[in-house]
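Presented below is the structure to which this report refers.
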Amino acid sequence: MATLERPQQLIWRVHVSIGDLHVDSYAKTTSFEDETRILDKLGICHEFFIWRLLWNGIHPRKPSDLIVKEMLFDRVPVMVCCPKRASPENRRGLVWIHGGGGLFGSPRAHERLCHFIARQSDTVIACIGYPLAPEHPYPAQQLSCYTAVSHFLKNAQDYGVDPKRIVLAGDSSGGTLVASTAQQLLMTKDLPQPCAHILINPYLQCLDVNLPSYQQNQSIPPLVKKEAVRLGTIYLSGTTAGVNEIMANAHVPQELMAKYQK
């Protein structure tokens with residue numbers, strides 16, 4: 001598998017490859033997912049590199065009404081957004097855990113959303129930049145989120161936040177990480193508990209991937225069912241082994257499947 005490269009390196013190597021290997025001829029007959037895999041196999045860039053570039057988008061302008069800082073919460077990168085105007089009391093806090101299947105996404109990709117929430121609700125936003133798979137194997141993402149959330153809960157007042165008014169929120173796999181982090185926090189007695197959890201289209205079960213919603217949306221882009229399963233196996237194990245078995249629900253013993261169908 002190819003290593004991740006800087007944009008300048010990528011542009012130069014794609015230019016050379018198109019001239020020598022005619023990569024552009026593949027693009028006419030393959031999907032975008034296939035094209036990224038071709039670049040990976042050619043050693044031009046990691047399969048996920050282009051996806052991450054697109055996901056991050058264009059960096060927004062520096063907001064005039066917010067203070068935005070890149071910080072470390074116990075060595076975990078976090079983007080903190082806080083309204084500039086003074087507040088008579090400690091503000092609400094919201095920890096945002098971005099989605100992307102544990103493979104894509106970053107605080108930068110969600111920076112506009114964080115600015116909007118901070119501005120509209122007068123809230124301090126902490127967006128966690130957890131490490132991505134497959135470079136950082138599971139459960140590095142879960143451990144990093146728990147570490148950052150624990151730090152914020154413990155030191156909320158240092159950021160002008162009321163520790164009793166902190167919400168955990170996330171989208172897609174970020175919602176999944178919110179759920180698992182919340183479960184871990186329930187077993188911690190020396191930390192204040194979040195006052196609410198917001199899970200936006202989270203991925204919460206993988207026992208049965210043939211439920212009605214899976215069947216109805218299995219061919220709906222941009223994330224078709226088989227690709228979702230493939231990315232999930234890469235996130236959890238670093239490989240695509242077992243994709244066909246999961247698609248056929250053969251990854252769970254029948255007695256366990258029967259237990260959770262009740």
Side-chain angles (χ1 to χ4, degrees), residues 56-57 59-100 102 105-132 136 139-204:
N56 284 340
H59 194 66
R61 292 181 180 179
K62 184 177 180 180
S64 60
D65 56 343
L66 298 175
I67 298 172
V68 180
K69 293 183 178 180
E70 303 290 337
M71 309 183 75
L72 293 176
F73 286 6
D74 286 341
R75 293 182 292 182
V76 178
V78 176
M79 180 185 69
V80 178
C81 304
C82 178
K84 279 186 177 180
R85 61 179 179 272
S87 175
E89 59 183 4
N90 284 337
R91 288 185 163 95
R92 291 174 293 237
L94 183 142
V95 178
W96 181 261
I97 304 180
H98 68 79
S106 66
R108 175 178 173 178
H110 291 250
E111 191 167 358
R112 286 181 173 82
L113 174 64
C114 292
H115 291 180
F116 178 82
I117 297 174
R119 187 178 293 118
Q120 295 297 318
S121 63
D122 195 35
T123 299
V124 176
I125 311 297
C127 184
I128 301 174
Y130 58 84
L132 301 175
H136 302 277
Q141 301 72 28
Q142 170 63 36
L143 296 174
S144 295
C145 288
Y146 178 77
T147 297
V149 169
S150 297
H151 173 90
F152 194 54
L153 291 169
K154 188 185 301 182
N155 303 282
Q157 295 188 16
D158 294 344
Y159 303 98
V161 172
D162 182 347
K164 296 181 180 179
R165 296 199 297 162
I166 294 177
V167 172
L168 305 186
D171 67 306
S172 191
S173 61
T176 307
L177 289 168
V178 167
S180 55
T181 299
Q183 289 179 323
Q184 280 188 276
L185 288 172
L186 287 174
M187 298 182 285
T188 306
K189 304 301 182 183
D190 59 343
L191 288 174
Q193 294 294 314
C195 65
H197 308 93
I198 302 173
L199 283 62
I200 302 173
N201 60 285
Y203 187 67
L204 298 179

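The shown structure was predicted, so the numbers you read here are calculated from the model rather than taken from an experiment.
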Passing option when R108 is tested against H59, M79, H98 for side chain to side chain contact (heavy atoms under 4.5 Å, CB included) = H59

Mind checking side-chain hydrogen bond (donor to acceptor under 3.5 Å, both in side chains) for Y159 and listing every partner two or more places apart, or none if nothing turns up?
-> H151

Are N56 and S106 close enough, and set up right, to give a side-chain hydrogen bond (donor to acceptor under 3.5 Å, both in side chains), and what steps lead you there?
-> CA-CA 7 Å; N56 284 340; S106 66; 2.6 Å; yes

Minimum-distance pair of heavy atoms, taken over all atoms of C114 and C81 | CB-SG, 4.1 Å

Looking at CG of L204 and CG of L199, how far apart are the two atoms once the value is rounded to the nearest 0.5 Å?
-> 6.0 Å

What pairs with L72 under side chain to side chain contact (heavy atoms under 4.5 Å, CB included), at least two apart in sequence or on another chain?
-> P77

Nearest atoms (heavy-atom pairs only) where G175 meets P202 = C-CB, 3.9 Å

Closest non-hydrogen contact found for A156 with I166 is CB-CD1, 3.8 Å

Is P83 close to D65 at the side-chain level, that is, under 4.5 Å between some pair of heavy atoms?
-> no

Of L168, V167, V95, which is the lone residue that meets side chain to side chain contact (heavy atoms under 4.5 Å, CB included) with V178?
-> L168

Test item: S144 side-chain N/O and Q141 main-chain N/O as donor-acceptor pair under 3.5 Å = no

Give, for atom CZ of F152 and atom OG1 of T147, the distance between the pair rounded to the nearest 0.5 Å.
-> 15.5 Å

When rounded to the nearest 0.5 Å, the distance separating OG1 of T181 from CD1 of I97 is 4.5 Å

K154 side chain reached by D190 side chain, heavy atoms, under 4.5 Å = no

Which atom of V80 lies closest to which atom of F73, heavy atoms considered | CG2-CZ, 3.9 Å

Going from CG on L186 to CD on Q193, what distance comes out if it is rounded to the nearest 0.5 angstrom?
-> 5.5 Å

Gap between atom CG of N90 and atom NZ of K164 - 0.5 Å precision = 11.5 Å

Under 30°, 30 to 60°, or over 60°: which ring-plane class applies to H110 and W96, parallel, tilted or perpendicular?
-> tilted

C127 versus P107, closest heavy-atom pair with distance = SG-CA, 3.6 Å

Might you work through the side-chain hydrogen bond (donor to acceptor under 3.5 Å, both in side chains) test for Y146 and T188, ending with a clear yes or no?
-> CA-CA 11 Å; Y146 178 77; T188 306; 2.8 Å; yes

Report yes if the side chains of V76 and I128 come closer than 4.5 Å at any heavy-atom pair, otherwise no.
-> yes

Can you check whether S121's main-chain N or O pairs, donor with acceptor, with R92's side chain at less than 3.5 Å?
-> yes

Are V124 and L94 close enough, and set up right, to give a side chain to side chain contact (heavy atoms under 4.5 Å, CB included), and what steps lead you there?
-> CA-CA 6 Å; V124 176; L94 183 142; over 6 Å; no

Name all residues meeting the salt bridge (charged side-chain N to carboxylate O under 4.0 Å, His left out) criterion together with R91; count only those two or more places apart in sequence or in a different chain, and write none if there are none.
-> D122

All heavy atoms of G99 vs all of D171, minimum pair found to be N-OD1, 2.9 Å

Under 3.5 Å: donor-acceptor pair, side chain of R119, backbone of C82 | no

Main-chain N/O of G93 paired to T123 side chain as donor or acceptor, under 3.5 Å | no

Distance, nearest 0.5 Å, that separates OH of Y130 from CD of Q142 = 11.0 Å

Where do R165 and E89 land on the side chain to side chain contact (heavy atoms under 4.5 Å, CB included) test, with the steps shown first?
-> CA-CA 12 Å; R165 296 199 297 162; E89 59 183 4; 4.0 Å; yes

Taking atom NZ of K84 as the centre, does the number of heavy atoms from other residues, nucleotides or ligands within less than 6.0 Å exceed 12?
-> yes

Using a cut-off of 6.0 Å, state whether more than 12 heavy atoms not belonging to Q157 lie near its atom CD.
-> no

